A.B. asks: 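Questions regarding the structure given below will be posed in turn.
Because the structure is a prediction, the values reported are computed rather than measured. Values reported hereafter were calculated over all heavy atoms of this structure, with side chains retained and with hydrogens, waters and symmetry mates removed.
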Amino acid sequence: ELHLIVRKTAHFCIFALEGFLLGLAMMQTLSKRWLSGVLATVSCAVVAVLNEYHQSFSEGRPYGCT
């Protein structure tokens, strides 16, 4: 149970940091700050979903949402 909580927290923190850094980078290039935030959030969500999909093919990974 603790292992699951630590893993999920780590995943959340990694993608939150990625979104923050991506948002900062986009704010330097885009004139609309709100668009930077939206694009960073959507980009991170897509990467997270693709990462989970990719990991579903790994051996030893349990089925379902864990």
Side-chain angles (χ1 to χ4, degrees):
E1 191 66 30
L2 179 61
H3 181 68
L4 176 67
I5 293 169
V6 169
R7 272 193 2 232
K8 293 300 177 181
T9 302
H11 274 138
F12 177 81
C13 290
I14 288 168
F15 288 113
L17 179 62
E18 177 186 8
F20 176 74
L21 294 174
L22 188 58
L24 286 178
M26 287 185 174
M27 279 193 282
Q28 297 296 314
T29 59
L30 298 174
S31 60
K32 297 180 181 176
R33 293 182 82 127
W34 66 269
L35 183 59
S36 301
V38 170
L39 288 176
T41 302
V42 170
S43 298
C44 286
V46 169
V47 170
V49 168
L50 290 174
N51 185 27
E52 288 297 320
Y53 177 70
H54 174 259
Q55 287 181 16
S56 71
F57 295 106
S58 299
E59 284 188 39
R61 182 165 167 101
Y63 295 104
C65 205
T66 58

A.B. asks: What's the separation between atom CH2 in Trp34 and atom CG in Leu39, rounded to the nearest 0.5 Å?
C.D. replies: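 It comes to 8.0 Å.
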
A.B. asks: Verify the cluster assignment for Phe20 and Val47: are they in a single hydrophobic cluster under the rule of side-chain heavy atoms below 4.5 Å apart?
C.D. replies: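 Phe20 and Val47: separate clusters.
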
A.B. asks: About how many Å separate CD1 of Ile14 and OG1 of Thr9, when rounded to the nearest 0.5 Å?
C.D. replies: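 Atom-to-atom, Thr9:OG1 and Ile14:CD1 are 11.0 Å apart.
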
A.B. asks: Linking I/L/V/M/F/W/Y whenever any side-chain heavy atoms sit under 4.5 Å apart, do Val46 and Phe57 land together?
C.D. replies: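 In one cluster with Val46: Phe57, no.
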
A.B. asks: Looking at every heavy atom in both Phe15 and Ala48, which two are closest together, and how far apart are they?
C.D. replies: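 Closest heavy-atom pair between Phe15 and Ala48: CZ-CA, 3.7 Å.
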
A.B. asks: Check whether Met27 and Leu17 end up in the same hydrophobic cluster, where Ile, Leu, Val, Met, Phe, Trp and Tyr are linked by side-chain heavy atoms less than 4.5 Å apart.
C.D. replies: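 In one cluster: yes.
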
A.B. asks: Restricting to non-hydrogen atoms, name the atom on Ser36 and the atom on Gly23 that form the minimum distance, rounded to 0.1 Å.
C.D. replies: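 Residues Ser36 and Gly23, closest heavy atoms: CB-O, 4.2 Å.
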
A.B. asks: Quick one: closest heavy-atom pair of Ala40 and Gly19, and the distance?
C.D. replies: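 For Ala40 versus Gly19, the nearest heavy atoms are CB-O, 3.7 Å.
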
A.B. asks: So, do Met26 and Leu22 sit near enough that their side-chain heavy atoms are less than 4.5 Å apart?
C.D. replies: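 Touching, per the 4.5 Å side-chain cut-off.
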
